[in-house]
Amino acid sequence: MAQSVKGTRDLFGNDVRWFQHIEETARRVFQRHGYEEIRTPILEEIEVFKRSVGESSDIVHKEMYDFMDKGNRHVCMRPENTAGVVRAAIQHKLLINNDPRLLFYVGPQFRYERMQAGRYRQFWQIGAESFGVASPESEAESLLLLFEFLRELGLRHLQLSINSVGTAECRPAFHAAIRTFFEARQERFCADCHRRIQENPLRVLDCKVPGCQEALEGHPLIVDHLDEASRAHHERLKALLTAMDIPFVENPRLVRGLDYYTRTAFEVLSSDLGAQSALLGGGRYDGLVKQLGGPETPAFGWAIGLDRLAILMQALHGDAPVEAPAVLIPLGDAATLKAFELVRQWWAQGCRVQLETRNANLKKGMTSANRLGAKLALILGDGELEKGVIAAKDLAAGTQEEWPLEEVAERLPR
Ligand code: HAM
């Protein structure tokens with residue numbers, strides 16, 4: 001028997017209900033703030049990610065689902081959506097004159113990672129990207145959007161960590177400082193860190209190996225190497241977050257696993273997620289649009305893991321709220337015709353009713369109504385037809401009543 005591919009999941013029942021609830025909440029909140037949905041292809045040319053996420057990142061280095069297609073193009077199943085959104089926005093000239101442009105997306109991403117609870121090879125992200133505005137105010141707006149979304153889902157006690165990773169201009173000074181620091185204690189760092197210090201020294205700060213984290217004790221801080229404008233930017237963002245009552249901690253080691261960030265970088269962690277504690281991440285990426293061939297355009301955004309959000313929702317709230325539709329069981333040809341007429345009226349009014357179409361007898365109809373988890377079965381036989389009523393059975397209580405046909409709609413689930 002064929003099984004789903006390792007690292008991928010079939011979503012159904014309660015999982016899919018949580019996904020739907022989260023997506024509906026996201027769409028409602030995002031549209032309120034002026035964000036428009038964008039859907040980009042899962043397949044992109046590999047260059048899109050090499051030139052954005054970065055060749056030295058784990059994502060590009062080890063985790064890409066890439067292959068040559070039948071036309072000999074080197075393509076890849078997107079590992080994240082920011083680069084694709086930027087590619088699309090340039091291609092369709094959505095970024096003109098640095099007018100503010102707010103875009104959001106919901107969709108699957110692919111990374112060849114080691115499987116763990118909360119870590120999959122096909123996973124889902126919801127993301128929000130804000131283009132055209134360089135100010136800390138645009139970051140505050142995006143973070144307000146994020147926390148409004150999380151609050152509407154009933155999630156609290158999440159920790160926002162922020163840092164500034166500076167700009168291309170001030171980074172060389174920091175790189176020099178961290179290299180000097182590294183060289184003085186290089187035997188304490190892992191082999192990967194030795195590669196990182198050559199390719200992208202910032203990444204050393206992000207190493208998860210406990211020995212490396214200890215060796216980093218007293219490391220030079222990026223915030224001490226910021227240029228004046230980046231420092232002022234960082235201070236202003238912190239002041240705005242404080243004024244808006246968004247609690248945060250500063251984490252000087254937060255650098256993120258993607259190369260495109262400039263200035264603000266942030267993550268939100270949840271202790272309820274175990275080892276995979278990162279619920280979301282994002283930051284500013286002022287150089288990316290230009291790097292992918294577009295006009296100079298500042299940008300800021302974040303993406304949240306939908307699979308991880310659903311795990312949190314389940315842990316906090318239990319199963320997703322759901323009421324199964326009522327089941328209408330017609331008995332005999334004449335009743336079946338009448339049943340079609342009735343359900344069409346009820347559906348048009350937004351009622352949720354599932355029609356039994358197997359020409360089933362009462363016992364068979366009732367058995368599957370029970371198995372579907374319906375609370376209400378409606379039975380229409382010749383006797384009911386003659387009297388203009390329906391037999392309504394409350395499946396939890398086991399009681400049965402006769403309802404006049406014209407009263408049924410208002411008693412059905414919606
Ligand atoms: P990221 O930190 O790589 O950022 O991913 C964001 C979120 O996606 C993570 O915090 C996590 O919840 C989820 N995620 C990542 N990998 C997996 C996985 N293997 N299984 C389950 N969930 C996962 C980005 O992707 C950036 N594009 C975010 C961004 C948007 N920055 C600016 N705009």
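Both ligands and their constituent atoms are indexed starting at 1 by order of listing.
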Is Phe300 touching ligand 1 with its side chain, its backbone, both, or neither, if touching means heavy atoms under 4.0 Å apart? neither

Considering the options Gln31, Glu36, Glu129, which one meets the side chain to side chain contact (heavy atoms under 4.5 Å, CB included) requirement together with Phe104? Gln31

Just jot down the ligand 1 atoms closer than 4.0 angstrom to any heavy atom of Leu258, in number order. 3 (O), 4 (O)

Is ligand 1 under 4.0 Å from a heavy atom in the side chain of Leu279, in the backbone, in both, or in neither? backbone

Nearest non-hydrogen protein atom to atom 26 (C) of ligand 1, with distance, is Tyr260 OH, 3.3 Å

Ala278 near ligand 1 by a heavy-atom separation under 4.0 Å: yes

Contact atoms of ligand 1, heavy-atom distance to Trp302 under 4.0 Å: 29 (C), 30 (C), 32 (C), 33 (N)

Note the single closest protein heavy atom to atom 11 (C) of ligand 1, along with its residue, its atom name and the distance in Å. Arg308 NH1, 3.4 Å

I need the nearest protein heavy-atom contact for atom 32 (C) of ligand 1: residue, atom name and distance, please. Gly301 O, 3.2 Å

Write out the residue and atom name of the closest protein heavy atom to atom 1 (P) of ligand 1, then the distance separating them to 0.1 Å. Arg256 NH2, 3.5 Å

For Gln109, state whether at least one heavy atom is located under 4.0 Å from any atom of ligand 1. no

Report the part of Phe266 in contact with ligand 1, treating N, CA, C, O as backbone and CB onward as side chain, heavy atoms under 4.0 Å; options are side chain, backbone, both, neither. neither

Mind checking what makes ring-ring contact (aromatic ring centres under 6.0 Å, His included) contact with Tyr260, not counting sequence neighbours? Tyr285

Considering only heavy atoms of Arg119, which atoms of ligand 1 have at least one such atom less than 4.0 Å away? 18 (C), 19 (N), 20 (N)

Using 30° and 60° as the class boundaries, would you call the ring planes of Tyr35 and Phe30 parallel, tilted or perpendicular? tilted

Phe182 pairs by ring-ring contact (aromatic ring centres under 6.0 Å, His included) with which of His194, His175, His219? His194

Does Gly118 have a heavy atom less than 4.0 Å from any atom of ligand 1? yes

Test side-chain hydrogen bond (donor to acceptor under 3.5 Å, both in side chains) on Ser138 and Arg284; report intermediate values, then the result. CA-CA 10 Å; Ser138 74; Arg284 175 161 288 289; 3.2 Å; yes

Would you call Glu323 and Arg352 a salt bridge, taking side-chain N to carboxylate O under 4.0 Å as the test? no

Under 4.0 Å between heavy atoms, the region of Glu129 that gets near ligand 1 turns out to be side chain

Is Trp124 near ligand 1, meaning one of its heavy atoms is under 4.0 Å from it? no

What residue and heavy atom of the protein are closest to atom 20 (N) of ligand 1, and at what distance? Tyr120 N, 3.0 Å

Considering only heavy atoms of Tyr261, which atoms of ligand 1 have at least one such atom less than 4.0 Å away? 26 (C), 28 (C), 29 (C), 31 (N), 32 (C)

In plain terms, say whether Glu37 and Arg27 are close enough for a salt bridge, that is, a side-chain N and a carboxylate O under 4.0 Å apart. yes

Pick one of side chain, backbone, both or neither for how Asp307 approaches ligand 1, counting any non-hydrogen atom pair under 4.0 Å. neither

Atom 14 (N) of ligand 1 has as its nearest protein heavy atom Phe123 CE1, 3.5 Å

For ligand 1 and Leu280, I'd like to know whether there is a polar contact (N/O to N/O, distance under 3.5 Å). yes

Between Arg9 and Asp307, is the closest basic N to carboxylate O distance under 4.0 Å? yes

Does this structure show an ion pair linking Arg411 with Glu401, if we count only N-O contacts that are shorter than 4.0 Å? yes

Ligand-residue contact atoms, ligand 1 with Glu113, heavy atoms, under 4.0 Å: 16 (N), 17 (C), 18 (C), 19 (N)

Which pairs with one or both residues in residues 248-261 pass salt bridge (charged side-chain N to carboxylate O under 4.0 Å, His left out), sequence neighbours excluded? Arg203-Asp259, Lys238-Glu250, Arg256-Glu267

Of Lys50, Arg51, Arg87, the one forming a salt bridge (Lys or Arg N to Asp or Glu O under 4.0 Å) with Glu44 is Arg87

Run the numbers for me: atoms of ligand 1, each under 4.0 Å from some heavy atom of Glu80, listed by number. 25 (O), 26 (C), 27 (N)

Kindly determine whether Gln349 and Arg414 satisfy side-chain contact (heavy atoms from CB on, under 4.5 Å), including the steps that lead there. CA-CA 9 Å; Gln349 293 174 63; Arg414 283 173 196 254; 4.3 Å; yes

Short list, please: which atoms of ligand 1 are under 4.0 Å from a heavy atom of Gly282? 31 (N)

Which atoms of ligand 1 have any heavy atom of Gln125 under 4.0 Å away? 5 (O), 6 (C), 7 (C), 8 (O), 24 (C), 25 (O)

Between the side chains of Glu148 and Arg151, is the shortest nitrogen-to-carboxylate-oxygen separation below 4.0 Å, so that they form an ion pair? no

